[in-house]
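In this text the structure is predicted, and so the values were computed from the model without any measurement. Lettering of chains follows the sequences in order, A, B, ..., and the numbering in each one begins at 1.
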Amino acid sequence: MHFSKLFAPTLKESPADAEVISHKLMVRAGMIRQVASGIYSILPLGLRVLRKVEQIIREEINQVGGQEVFLPSIQPAELWIESKRWDFYGKELLRFKDRHNREFCYGPTHEEVITDVVRKEIRSYRQLPVVFYQIQTKFRDEVRPRFGIMRGREFMMKDAYSFHVDEEDTQRTYHKMAKAYSNIFNRCGLKFKQVQADSGTIGGSFSHEFAVLADSGEDNIGFCELCGYASNVELAKSKPSPASTPQTQQQDLKEVETPGKKTVEEVASFLNIPAQHIVKTILFENENGLVAGLVRGDHEINLIKMKNLIGCESLHPAEEDVIAKHPELHCGYLGPIGLKIPIYVDHEVSVLHDFVTGANKPSAHFTGVQVERDLKIEKTGDLRTVMTDDPCPNCETGKYQVTRGIEVGHIFILGTKYSSAMKAVYIDQQGKENPMVMGCYGIGVGRTAAAAIEQNHDERGIVWPRNLAPFQVVIIPVNYSNDELKVVSDAIYERLQEMGIETLLDDRSDRLGGKLKDADLIGVPLQIIIGPKNLAAGQVEIKIRKTNESNLHPYPQVVEDIPDILKSL
RNA sequence: CGGGACGUAGCGCAGCCUGGUUAGCGCACUUGACUGGGGGUCAAGGGGUCGGAAGUUCAAAUCUUCUCGUCCCGACCA
């Protein structure tokens, strides 16, 4: 490709509306342009990268028996009504009507459609298992799209679905798929972790996320370097402390005045005690009304764990106006004693003695609170979000590291949720009808490319992992209008093309500085710089983008070495 | 959905508070010349419904109201 013919509108300055580095660099490198909030046009350089990701995905998913299909982006409401998700999915589902006034949606995911295909065509256990996948544009009307292509509303996704006779067989495919995912992200040159994850609204029995470790990630990942345990903090288990016996005699319950001291920090410094000796009470609302969660003052309560412990349908932090309807509730002075709603307690609280809680009246707290003596507990369990340096729940001496992660892949075992609702059944060996057991496996294609930039960039621009680079080599003649430089540049270009190496020839009339800046920005792994002085000495300069290392090599022999140099990167 | 901010040339911004001829700057763009190893120099140019609508005023980029768009924080989220 000649650079003069490539549509790569590079920018010197970062766009004002970009926040994270991958977004800035993708726009600056001329890979993408925004069309509307969360909706982007992918320009040639961007598409080349996405195609690389797609191809890697195809190869690995084919390898584990996936068959590629292409399902409609527009889906009829009937299927979603059948699966009960038409009402459940909410505003994120983009809905509209056709000219006959029939309702449709733009597919945010494709369980319904693929299940519909399978139920119509597959009858017997002999035809199972099957794995289908597609790479398709999805639309989710996110409340807040951000970070460019990383969290767009419209986005490219690989989604795969598997159908099985039973859970055990589903697990076999699930594990194969997990391995394929590891291969994919390794080939993409990413540092990632496979972590336990919440299955969210897709539903199902268990699931793993593939998280690329990067500060700009929106998830928190907890992992133990010693034993390898890794989980999204949404459900990362906390290790219960052993029950302790009080060193002195139990204190008596005592009410103290704490005017204006509402936060844990304020109360801790006012009473001159550590935050660990305070227990905070957090109000939530579920389908049955208000409930309270208790965690230690220095801990954060975890909504998902709370929901799981209660076993309720929905759970969210109590709204202010709901709290306002209860005159006995005083925010800042909430406490479990005398509270007339179900109380759920973190197990770290249950081993405490002589702690402080709100007194359920303005400007007062209790000290000397004892769990056994003073609290009426609905249930105790793991309620808090783990933090760095917390003990690992899985091994003896390990500790949690908590870092940010970008969720690039997610795999689920769905069970029979969709097959039951939509009657996707097979006949087993006994001639009996059973719902198929399903698995589902997604990868964000654009997000994977963006995550690769988050992990591989420097102050000059993108440093593409070799397998994702839009071009492997860029040839930069210092002055292409100089005949000798042009002849050599063209010759190298021709030869590399013959060798099947994706090469960009910067034939533009720009000055060298500009061409180098663009090459750095775009992130092509190898630069071949051809200048008059070096060439007169029979040499060309080879520069490695990643390390900025630059070496002179004899021309023309060096051209034949390029494949090896690339492999060594 | 709650809170905050922004919208002026392709991009990045100033001007607005305190209304007053032809609305500026940098980059980019066009033409020419000189240049040619990290965005060079000089000269000459082109490009604007100041997001939109209504209002206040002798006069609106500037003040008011409404509206649309975009971004940030939060809530939410395969």
Check nucleotides 5-10 of chain B against the protein and report each pair of N or O atoms closer than 3.5 Å, with its distance, or say if there are none.
none

Pairs: protein N or O with nucleotides 66-68 of chain B N or O, under 3.5 Å:
none

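Within the structure, the ring pair (Phe, Tyr, Trp, His ring centres under 6.0 Å) test picks out the following pairs touching residues 9-46 of chain A (sequence neighbours left out): A/H23-A/Y40. Applying the salt bridge (Lys or Arg N to Asp or Glu O under 4.0 Å) test to pairs two or more places apart or on separate chains, none has a residue in residues 2-14 of chain A.
An OP1 or OP2 oxygen of B/C71 is reached within less than 4.0 angstrom by a side-chain nitrogen or oxygen of A/S37. Between A/R144 and the phosphate of B/C72, there is a side-chain N or O to OP1/OP2 separation shorter than 4.0 Å.
Residues from residues 71-84 of chain A lying near RNA chain B, meaning a heavy-atom separation below 4.0 Å, are absent.
Qualifying side chain to side chain contact (heavy atoms under 4.5 Å, CB included) partners for A/S509, counting only residues two or more places apart in sequence or in other chains: none. Checked against side chain to side chain contact (heavy atoms under 4.5 Å, CB included), A/V69 has the following partners two or more places apart in sequence or in another chain: A/L71, A/F132, A/Q134. The side chain to side chain contact (heavy atoms under 4.5 Å, CB included) search around A/P9 returns A/F7, A/R33, A/L43, not counting sequence neighbours. With sequence neighbours left out, A/T10 forms a side chain to side chain donor-acceptor pair (under 3.5 Å) with A/D518. In this structure A/N534 satisfies the side chain to side chain donor-acceptor pair (under 3.5 Å) test with no other residue, sequence neighbours excluded. A/S216 pairs by the side chain to side chain contact (heavy atoms under 4.5 Å, CB included) definition with A/V20, A/M150, A/A214, A/I406, A/E454, not counting sequence neighbours. For A/H164, the side chain to side chain donor-acceptor pair (under 3.5 Å) partners are A/S162, A/D169, not counting sequence neighbours.
Residue contacts for A/S550: at a heavy-atom cut-off of 4.0 Å it reaches no nucleic acid atom on any strand shown. Within 4.0 Å of A/P532, counting heavy atoms only, lies at least one base atom of the nucleic acid.
Side-chain N/O atoms of A/D520 and base N/O atoms of B/G38 include a donor-acceptor pair closer than 3.5 Å.
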